[in-house]
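Structure record follows, encoded as C-alpha coordinates.
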Amino acid sequence: MADVLYTGPIPAERGGEPAMGGGRSETSALSGTGGGRGITTTNQNSQRPNACCFCWCCCCSCSCLTIRNEEERRKRRRRKRISQDTKMETIPNCEPCIKPSVEEVQLWSQSFDKLMRNPAGRNVFREFLRTEYSEENMLFWLACEDLKQEINKSSVEEKARVIYEDYISILSPKEVSLDARVREVINRKMQDPAPHTFDDAQLQIYTLMHRDSYPRFLSSNIYKSLVHGSSRTSSES
(Lines give C-alpha, C1' and ligand atoms only; values in the text may rest on other atoms or scores of the structure.)
Protein backbone atom coordinates (compact mmCIF):
# COMPACT_ATOMS: atom_id res chain seq x y z
CA MET A 1 0.00 0.00 0.00
CA ALA A 2 1.46 3.35 -0.95
CA ASP A 3 2.13 6.01 1.65
CA VAL A 4 -0.49 8.66 1.99
CA LEU A 5 0.86 12.21 2.06
CA TYR A 6 -1.38 14.90 3.68
CA THR A 7 -0.33 18.46 3.01
CA GLY A 8 -3.32 20.34 4.44
CA PRO A 9 -3.26 22.43 7.66
CA ILE A 10 -3.44 20.73 11.05
CA PRO A 11 -5.56 22.71 13.56
CA ALA A 12 -3.41 23.83 16.47
CA GLU A 13 -4.94 23.94 19.95
CA ARG A 14 -4.91 27.17 21.93
CA GLY A 15 -6.68 27.38 25.22
CA GLY A 16 -8.71 24.24 24.46
CA GLU A 17 -10.05 25.69 21.20
CA PRO A 18 -8.80 25.40 17.60
CA ALA A 19 -6.60 28.31 16.55
CA MET A 20 -7.81 30.42 13.66
CA GLY A 21 -5.70 31.49 10.71
CA GLY A 22 -2.51 30.29 9.13
CA GLY A 23 1.08 31.31 9.59
CA ARG A 24 2.12 27.67 10.02
CA SER A 25 2.44 24.83 7.47
CA GLU A 26 2.29 21.25 8.52
CA THR A 27 3.20 18.07 6.62
CA SER A 28 2.03 14.78 8.00
CA ALA A 29 3.42 11.48 6.70
CA LEU A 30 1.48 8.41 7.64
CA SER A 31 3.33 5.13 7.46
CA GLY A 32 1.40 2.03 6.50
CA THR A 33 3.70 -0.37 8.38
CA GLY A 34 3.26 -1.26 12.00
CA GLY A 35 0.36 1.20 12.38
CA GLY A 36 2.85 3.92 13.26
CA ARG A 37 2.39 7.56 12.30
CA GLY A 38 4.99 10.21 11.87
CA ILE A 39 4.26 13.94 11.86
CA THR A 40 6.65 16.45 10.40
CA THR A 41 5.85 20.05 11.26
CA THR A 42 7.59 23.08 9.84
CA ASN A 43 7.28 26.37 11.76
CA GLN A 44 7.65 29.66 9.97
CA ASN A 45 8.74 32.90 11.57
CA SER A 46 5.50 34.71 10.77
CA GLN A 47 2.98 34.31 13.58
CA ARG A 48 -0.39 35.90 13.91
CA PRO A 49 -0.34 38.51 16.68
CA ASN A 50 -2.58 37.96 19.66
CA ALA A 51 -5.68 40.08 19.06
CA CYS A 52 -6.17 40.54 22.81
CA CYS A 53 -2.98 42.62 22.97
CA PHE A 54 -4.62 45.31 20.83
CA CYS A 55 -7.68 45.64 23.04
CA TRP A 56 -6.00 45.20 26.43
CA CYS A 57 -6.71 48.73 27.57
CA CYS A 58 -10.33 48.50 26.54
CA CYS A 59 -10.76 45.08 28.11
CA CYS A 60 -9.15 46.29 31.34
CA SER A 61 -11.45 49.30 31.52
CA CYS A 62 -14.50 47.16 30.84
CA SER A 63 -13.41 44.70 33.53
CA CYS A 64 -12.96 47.48 36.10
CA LEU A 65 -16.38 48.89 35.25
CA THR A 66 -17.93 45.45 35.56
CA ILE A 67 -16.31 44.97 38.96
CA ARG A 68 -17.58 48.34 40.17
CA ASN A 69 -21.09 47.61 38.93
CA GLU A 70 -21.08 44.19 40.56
CA GLU A 71 -19.91 45.72 43.84
CA GLU A 72 -22.77 48.22 43.72
CA ARG A 73 -25.20 45.38 43.12
CA ARG A 74 -23.77 43.45 46.07
CA LYS A 75 -24.11 46.52 48.30
CA ARG A 76 -27.71 47.00 47.26
CA ARG A 77 -28.44 43.34 47.95
CA ARG A 78 -26.82 43.60 51.40
CA ARG A 79 -28.87 46.68 52.21
CA LYS A 80 -32.02 44.98 51.03
CA ARG A 81 -31.35 41.93 53.19
CA ILE A 82 -30.75 44.15 56.21
CA SER A 83 -33.86 46.27 55.65
CA GLN A 84 -36.28 43.75 54.17
CA ASP A 85 -39.66 43.19 55.84
CA THR A 86 -39.40 46.50 57.72
CA LYS A 87 -41.84 48.64 55.75
CA MET A 88 -44.17 50.65 57.98
CA GLU A 89 -42.93 48.86 61.09
CA THR A 90 -42.01 50.58 64.34
CA ILE A 91 -38.46 51.90 64.06
CA PRO A 92 -36.11 50.80 66.84
CA ASN A 93 -34.25 53.51 68.75
CA CYS A 94 -36.49 56.34 67.64
CA GLU A 95 -35.80 59.81 68.96
CA PRO A 96 -37.99 60.72 71.94
CA CYS A 97 -40.76 63.02 70.75
CA ILE A 98 -44.36 63.96 71.29
CA LYS A 99 -47.15 63.38 68.81
CA PRO A 100 -47.00 66.15 66.19
CA SER A 101 -49.91 68.51 65.73
CA VAL A 102 -51.74 69.02 62.45
CA GLU A 103 -49.89 72.30 61.96
CA GLU A 104 -46.50 70.67 62.52
CA VAL A 105 -47.20 67.90 60.04
CA GLN A 106 -48.30 70.41 57.44
CA LEU A 107 -45.19 72.53 58.05
CA TRP A 108 -43.01 69.59 57.05
CA SER A 109 -44.14 70.04 53.47
CA GLN A 110 -43.04 73.68 53.40
CA SER A 111 -39.33 73.02 53.71
CA PHE A 112 -36.91 70.20 54.39
CA ASP A 113 -35.29 72.25 57.16
CA LYS A 114 -38.57 72.36 59.09
CA LEU A 115 -38.92 68.61 58.76
CA MET A 116 -35.38 67.94 59.94
CA ARG A 117 -35.62 70.35 62.90
CA ASN A 118 -38.58 68.41 64.28
CA PRO A 119 -37.84 65.13 66.16
CA ALA A 120 -41.19 63.63 65.16
CA GLY A 121 -40.57 64.72 61.58
CA ARG A 122 -37.16 63.04 61.57
CA ASN A 123 -38.71 59.82 62.88
CA VAL A 124 -41.37 59.78 60.16
CA PHE A 125 -38.84 60.64 57.45
CA ARG A 126 -36.55 57.91 58.73
CA GLU A 127 -39.44 55.45 58.49
CA PHE A 128 -39.86 56.47 54.85
CA LEU A 129 -36.13 56.12 54.15
CA ARG A 130 -36.34 52.62 55.52
CA THR A 131 -38.84 51.65 52.85
CA GLU A 132 -36.33 52.89 50.23
CA TYR A 133 -33.39 51.06 51.81
CA SER A 134 -31.56 54.31 52.54
CA GLU A 135 -32.07 54.65 56.29
CA GLU A 136 -28.31 54.87 56.75
CA ASN A 137 -28.40 58.46 55.47
CA MET A 138 -30.51 59.60 58.41
CA LEU A 139 -28.59 57.46 60.87
CA PHE A 140 -25.31 58.97 59.69
CA TRP A 141 -26.71 62.51 59.95
CA LEU A 142 -27.95 61.84 63.49
CA ALA A 143 -24.61 60.32 64.51
CA CYS A 144 -22.81 63.43 63.26
CA GLU A 145 -25.18 65.65 65.26
CA ASP A 146 -24.45 63.59 68.36
CA LEU A 147 -20.70 63.81 67.77
CA LYS A 148 -20.86 67.61 67.57
CA GLN A 149 -22.29 67.72 71.10
CA GLU A 150 -19.39 65.73 72.54
CA ILE A 151 -16.60 67.55 74.38
CA ASN A 152 -14.59 64.72 75.93
CA LYS A 153 -11.62 63.96 73.67
CA SER A 154 -11.57 60.20 74.22
CA SER A 155 -15.34 60.03 73.61
CA VAL A 156 -14.93 62.11 70.45
CA GLU A 157 -12.27 59.74 69.15
CA GLU A 158 -14.35 56.66 69.94
CA LYS A 159 -17.55 58.03 68.38
CA ALA A 160 -15.64 59.23 65.31
CA ARG A 161 -14.14 55.77 64.86
CA VAL A 162 -17.58 54.12 65.12
CA ILE A 163 -19.06 56.57 62.60
CA TYR A 164 -16.20 55.91 60.19
CA GLU A 165 -16.54 52.13 60.46
CA ASP A 166 -20.35 52.20 60.21
CA TYR A 167 -20.92 54.76 57.46
CA ILE A 168 -17.66 55.69 55.69
CA SER A 169 -15.83 52.40 55.31
CA ILE A 170 -16.42 50.68 51.97
CA LEU A 171 -16.63 47.39 53.88
CA SER A 172 -19.75 48.46 55.76
CA PRO A 173 -23.22 47.50 54.44
CA LYS A 174 -24.39 50.89 55.76
CA GLU A 175 -21.85 52.90 53.76
CA VAL A 176 -23.22 56.29 52.66
CA SER A 177 -22.60 57.77 49.23
CA LEU A 178 -19.80 60.36 49.32
CA ASP A 179 -17.55 61.76 46.62
CA ALA A 180 -13.78 61.26 46.54
CA ARG A 181 -12.97 64.78 47.74
CA VAL A 182 -15.04 64.44 50.92
CA ARG A 183 -13.59 61.01 51.63
CA GLU A 184 -10.08 62.42 51.31
CA VAL A 185 -10.92 65.19 53.79
CA ILE A 186 -12.33 62.66 56.26
CA ASN A 187 -9.30 60.37 55.99
CA ARG A 188 -7.03 63.32 56.70
CA LYS A 189 -9.09 64.52 59.69
CA MET A 190 -9.34 61.02 61.18
CA GLN A 191 -5.67 61.30 62.13
CA ASP A 192 -6.87 63.63 64.90
CA PRO A 193 -10.69 63.34 65.15
CA ALA A 194 -12.71 66.33 66.35
CA PRO A 195 -16.45 67.00 66.86
CA HIS A 196 -16.68 68.50 63.36
CA THR A 197 -14.64 65.88 61.51
CA PHE A 198 -17.62 64.80 59.38
CA ASP A 199 -19.14 68.22 58.66
CA ASP A 200 -18.49 68.10 54.90
CA ALA A 201 -19.88 64.57 54.65
CA GLN A 202 -22.89 65.43 56.78
CA LEU A 203 -23.73 68.39 54.53
CA GLN A 204 -23.41 66.22 51.42
CA ILE A 205 -25.78 63.58 52.82
CA TYR A 206 -28.20 66.27 54.01
CA THR A 207 -28.26 67.72 50.49
CA LEU A 208 -28.76 64.24 49.02
CA MET A 209 -31.76 63.56 51.26
CA HIS A 210 -33.18 66.99 50.48
CA ARG A 211 -32.93 66.71 46.71
CA ASP A 212 -33.50 63.00 46.23
CA SER A 213 -35.65 61.56 49.05
CA TYR A 214 -37.64 64.52 50.37
CA PRO A 215 -39.82 65.09 47.24
CA ARG A 216 -40.77 61.39 47.22
CA PHE A 217 -41.49 61.51 50.93
CA LEU A 218 -44.09 64.26 50.42
CA SER A 219 -45.82 62.08 47.81
CA SER A 220 -45.59 58.89 49.85
CA ASN A 221 -48.44 57.09 51.57
CA ILE A 222 -46.57 57.44 54.85
CA TYR A 223 -46.80 61.22 54.82
CA LYS A 224 -50.24 61.42 53.20
CA SER A 225 -51.78 59.03 55.72
CA LEU A 226 -50.25 61.06 58.54
CA VAL A 227 -51.66 64.30 57.15
CA HIS A 228 -55.13 62.83 56.64
CA GLY A 229 -55.07 61.10 60.01
CA SER A 230 -54.08 64.26 61.82
CA SER A 231 -56.70 66.28 59.97
CA ARG A 232 -59.41 63.74 60.84
CA THR A 233 -58.42 63.69 64.50
CA SER A 234 -58.45 67.48 64.64
CA SER A 235 -61.91 67.77 63.08
CA GLU A 236 -63.37 65.11 65.36
CA SER A 237 -62.10 66.83 68.46
Side-chain angles (χ1 to χ4, degrees), residues 60-95 112-113 115-117 119 121-150 153-218 220 222:
C60 182
S61 300
C62 293
S63 298
C64 292
L65 180 59
T66 301
I67 291 172
R68 286 197 297 270
N69 290 340
E70 180 60 28
E71 178 60 25
E72 286 300 320
R73 285 193 290 270
R74 283 199 296 268
K75 284 165 57 178
R76 286 195 293 270
R77 287 196 295 269
R78 287 198 298 266
R79 289 173 179 171
K80 186 172 182 179
R81 285 198 299 270
I82 291 170
S83 302
Q84 63 187 355
D85 300 327
T86 61
K87 294 184 178 181
M88 301 299 294
E89 293 179 357
T90 302
I91 300 176
N93 303 321
C94 280
E95 295 181 76
F112 186 61
D113 291 338
L115 171 70
M116 291 294 284
R117 282 199 296 264
R122 291 193 295 267
N123 283 337
V124 175
F125 186 56
R126 179 181 163 191
E127 182 179 357
F128 167 74
L129 292 177
R130 241 183 159 194
T131 67
E132 292 203 330
Y133 310 120
S134 58
E135 182 187 12
E136 66 274 4
N137 290 331
M138 176 64 80
L139 295 176
F140 171 69
W141 188 89
L142 292 171
C144 292
E145 287 294 292
D146 179 62
L147 176 63
K148 287 191 285 190
Q149 306 303 317
E150 190 60 65
K153 183 172 178 58
S154 60
S155 297
V156 167
E157 292 177 350
E158 175 62 19
K159 287 185 177 182
R161 181 187 62 79
V162 171
I163 290 175
Y164 187 92
E165 292 178 354
D166 283 351
Y167 304 107
I168 309 300
S169 172
I170 61 175
L171 300 178
S172 173
K174 296 187 293 183
E175 177 197 2
V176 296
S177 179
L178 300 171
D179 62 35
R181 180 192 65 82
V182 171
R183 286 183 177 278
E184 183 179 353
V185 170
I186 291 175
N187 289 333
R188 187 167 61 250
K189 289 183 176 180
M190 281 299 292
Q191 298 175 12
D192 184 22
H196 294 274
T197 291
F198 301 99
D199 279 5
D200 289 343
Q202 186 185 20
L203 176 59
Q204 191 168 98
I205 294 303
Y206 185 91
T207 303
L208 175 65
M209 291 190 294
H210 183 191
R211 295 178 178 176
D212 184 60
S213 302
Y214 177 60
R216 290 196 300 274
F217 166 72
L218 297 180
S220 68
I222 292 178

- Message: Rounded to the nearest 0.5 Å, what separates atom OG1 in T197 from atom CG in L147?
- Response: 6.5 Å

- Task: For D146 and L142, indicate whether the former's side chain and the latter's backbone hold a donor-acceptor pair under 3.5 Å.
- Result: no

- Query: Of all heavy-atom pairs between F140 and V176, which one has the smallest distance, and what is that distance?
  - Reply: CB-CG1, 3.9 Å

- Message: Less than 4.5 Å apart, side chain to side chain, heavy atoms only: is that true for K153 and V156?
- Response: no

- Tell me, with the steps shown, if E184 and R181 meet salt bridge (charged side-chain N to carboxylate O under 4.0 Å, His left out). CA-CA 5 Å; E184 183 179 353; R181 180 192 65 82; over 6 Å; no

- So how far is it from L139 CG to I163 CD1, rounded to the nearest 0.5 Å? 11.0 Å

- Query: Ion pair present between R161 and E157, side-chain N to carboxylate O less than 4.0 angstrom?
  - Reply: no

- Message: Between D212 and R216, is there a side-chain heavy-atom distance shorter than 4.5 Å?
- Response: yes

- Between P195 and E150, what is the shortest heavy-atom contact and its length? CG-O, 3.6 Å

- Item | Nearest heavy atoms of Q204 and L178, plus distance in Å | OE1-CA, 3.1 Å

- Task: Answer whether the closest heavy-atom distance between the side chains of V182 and Q202 falls below 4.5 Å.
- Result: no

- Could you tell me the separation between the OG atom of S134 and the CZ atom of F128, rounded to the nearest 0.5 Å? 7.0 Å

- Query: Relative to the ring of H210, is the ring of F112 parallel (under 30°), tilted (30 to 60°) or perpendicular (over 60°)?
  - Reply: parallel

- Message: When you compare the side chain of I168 with that of F198, does any pair of heavy atoms fall below 4.5 Å?
- Response: yes

- Message: I'd like to know if D166 pairs up with K159 as an ion pair, taking the criterion as any Lys NZ or Arg NE/NH1/NH2 lying under 4.0 Å from an Asp or Glu carboxylate oxygen.
- Response: no

- Message: Using every non-hydrogen atom in the two residues, find where M116 and M138 come nearest and quote the distance to one decimal.
- Response: SD-CE, 3.6 Å

- From the options W141, Y206, F217, select the one residue that forms a ring pair (Phe, Tyr, Trp, His ring centres under 6.0 Å) with F125. F217

- Message: Salt bridge check, R130 against E127: does any charged N sit closer than 4.0 Å to a carboxylate O?
- Response: no

- d(K189 NZ, D199 CG) to nearest 0.5 Å is 6.0 Å

- Message: Can you give me the closest heavy-atom contact between A201 and I186, atom names plus distance?
- Response: CB-CD1, 3.6 Å

- Nearest heavy-atom neighbours spanning Q149 and E145: CG-O, 3.3 Å

- Enter the distance from I205:CD1 to S213:OG here, rounded to the nearest 0.5 Å. 10.0 Å

